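Data block below; observations after.
By convention here, the first residue in the shown sequence is residue 1. Nothing here was measured: the structure is a model prediction, and the numbers come from that model.
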Amino acid sequence: MIVIGGLVFLIAFFGCCGAIREDTCMLTTYGVILSAILLIQVAIGVMAFVYKGKFESGFKKVIAEKFDGYDQKQDNKELVDSIQKNVMCCGLNGPDYWSHSKLPASCCGKSEKEASCTRDQAYQDGCEPKIIDIIQSSFKLLGAIALGIAAVELLCVVFAFCLASSIRREELRAYA
């Protein structure tokens with residue numbers, strides 16, 4: 001975070017000091033750095049949409065491994081219980097995922113110390129589709145935020161180059 005803050009400070013320094021001192025070199029540097037950041041941001045956004053399917057298939061494999069290892073590892077048990085309780089779901093694809101006659105207490109939103117729940121009391125939705133829906137809506141929100149930031153960055157780049165050009169023209173008129 002310190003490194004990112006330092007970079008933001010450096011970029012803002014070029015823009016602010018370039019505008020105050022009417023220094024075209026600093027303004028051009030600011031515009032070029034901001035343009036590079038804008039291009040990288042757009043490339044990451046495009047890659048996120050292109051590789052979204054691969055992310056989903058990889059995520060499905062990981063979540064299935066966690067559910068399959070529910071009885072083998074305490075970490076898996078805690079994670080699955082937390083998911084089922086917070087997302088209000090039961091099993092990978094519904095309560096029928098669990099072969100036990102009694103389901104984990106988290107399938108009913110209860111803690112482990114409370115009584116386990118039955119299939120009638122359990123959440124009927126599976127966890128995998130609900131989590132995928134949450135992730136997809138998060139991707140959409142992040143995409144919208146990224147586009148909004150990119151629009152502001154593009155505006156800043158245009159203003160920086162326009163201001164640098166205006167200062168150059170003013171300097172040329174002063175010498176003529």
Side-chain angles (χ1 to χ4, degrees), residues 1-69 73 75-76 78-89 92-93 109 123 125-176:
M1 293 305 261
I2 292 172
V3 172
I4 292 172
L7 288 173
V8 168
F9 173 78
L10 183 66
I11 295 166
F13 174 80
F14 280 121
C16 188
C17 287
I20 290 171
R21 294 183 55 208
E22 295 183 358
D23 186 346
T24 58
C25 182
M26 289 181 103
L27 282 170
T28 304
T29 303
Y30 171 74
V32 168
I33 292 172
L34 214 54
S35 297
I37 292 171
L38 178 64
L39 289 174
I40 291 169
Q41 185 176 342
V42 168
I44 290 172
V46 168
M47 287 176 63
F49 284 111
V50 169
Y51 292 110
K52 186 173 124 183
K54 288 185 180 182
F55 173 79
E56 283 182 23
S57 65
F59 182 77
K60 284 180 180 182
K61 184 189 295 183
V62 169
I63 196 87
E65 288 172 5
K66 297 298 178 187
F67 271 82
D68 290 342
K73 284 183 159 182
D75 290 346
N76 290 350
E78 290 173 2
L79 178 67
V80 169
D81 284 340
S82 176
I83 289 172
Q84 290 184 144
K85 198 171 188 180
N86 293 323
V87 181
M88 296 182 193
C89 58
L92 197 58
N93 293 306
Y123 302 121
D125 296 327
C127 292
E128 185 183 64
K130 284 189 97 170
I131 293 172
I132 296 295
D133 287 343
I134 290 169
I135 290 173
Q136 285 178 342
S137 64
S138 297
F139 266 112
K140 290 176 186 174
L141 179 64
L142 287 175
I145 290 170
L147 286 176
I149 291 171
V152 171
E153 285 176 357
L154 182 62
L155 196 61
C156 290
V157 167
V158 169
F159 284 155
F161 287 130
C162 286
L163 183 58
S165 176
S166 176
I167 292 170
R168 275 193 211 105
R169 279 196 308 264
E170 192 63 34
E171 288 174 352
L172 288 174
R173 282 189 212 147
Y175 291 121

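Applying the side-chain contact (heavy atoms from CB on, under 4.5 Å) rule to Ile20 yields the partners Cys16; only residues at least two apart in sequence or on another chain are considered. For Glu78, the side-chain hydrogen bond (donor to acceptor under 3.5 Å, both in side chains) partners are Gln74, not counting sequence neighbours. Partners of Lys130 under the salt bridge (Lys or Arg N to Asp or Glu O under 4.0 Å) rule, at least two apart in sequence or in another chain, are Asp125. Looking at residues two or more places apart in sequence or on another chain, you find a side-chain hydrogen bond (donor to acceptor under 3.5 Å, both in side chains) between Asp68 and Tyr97. In this view, Leu7 and Val3 satisfy the side-chain contact (heavy atoms from CB on, under 4.5 Å) rule, not counting sequence neighbours. Among residues two or more places apart in sequence or in another chain, the side-chain contact (heavy atoms from CB on, under 4.5 Å) test is passed with Gln41 by Ala146, Ile149, Ala150, Glu153. Taking Asp75 as the reference, nothing meets the side-chain hydrogen bond (donor to acceptor under 3.5 Å, both in side chains) condition, with sequence neighbours excluded. Contacts of Cys162 classified as side-chain contact (heavy atoms from CB on, under 4.5 Å), with partners at least two apart in sequence or in another chain: Val158.
The distance from atom OG of Ser138 to atom CD1 of Ile145, rounded to the nearest 0.5 Å, is 9.5 Å. Separation of atoms CD (Glu22) and CG (Leu27) is listed at 9.0 Å; rounding is to 0.5 Å. The CG atom of Leu92 sits 10.0 Å away from atom NZ of Lys60, with the distance rounded to the nearest 0.5 Å. With rounding to the nearest 0.5 Å, the separation of CG in Asp81 from CG in Asn76 is 10.5 Å. For the atom pair CD1 (Ile40) and OG (Ser35), the distance works out to 11.0 Å, reported to the nearest 0.5 Å. Rounding to the nearest 0.5 Å places CG of Asp23 at 10.0 Å from CZ of Phe14.
The 12-atom threshold is exceeded at CZ of Phe161, counting heavy atoms of other residues, nucleotides or ligands nearer than 6.0 Å. The number of heavy atoms from other shown groups lying within 6.0 Å of CZ (Phe59) is above 12.
Side-chain contact between Ile33 and Leu10 is absent, with no heavy atoms from C-beta onward closer than 4.5 Å.
In plain terms, the two heavy atoms of Tyr123 and Gln84 that are nearest each other are CE1-O, 3.7 Å. Contact between Gly31 and Val157 at its shortest, heavy atoms only, is O-CG2, 4.0 Å. Contact detail for Cys17 and Met26: the closest heavy-atom pair is CB-CE, 3.7 Å. In terms of heavy atoms, Cys156 sits closest to Leu34 at CB-CD2, 3.5 Å. Scanning both residues, Ile63 and Glu128, for their nearest heavy atoms gives CG2-OE2, 4.1 Å. Among all heavy-atom pairs drawn from Cys89 and Ile83, the shortest one is SG-O, 4.0 Å.
For the side-chain hydrogen bond (donor to acceptor under 3.5 Å, both in side chains) condition, the pairs that include at least one residue of residues 155-176, sequence neighbours left out, are Thr28-Arg168, Ser165-Arg169.
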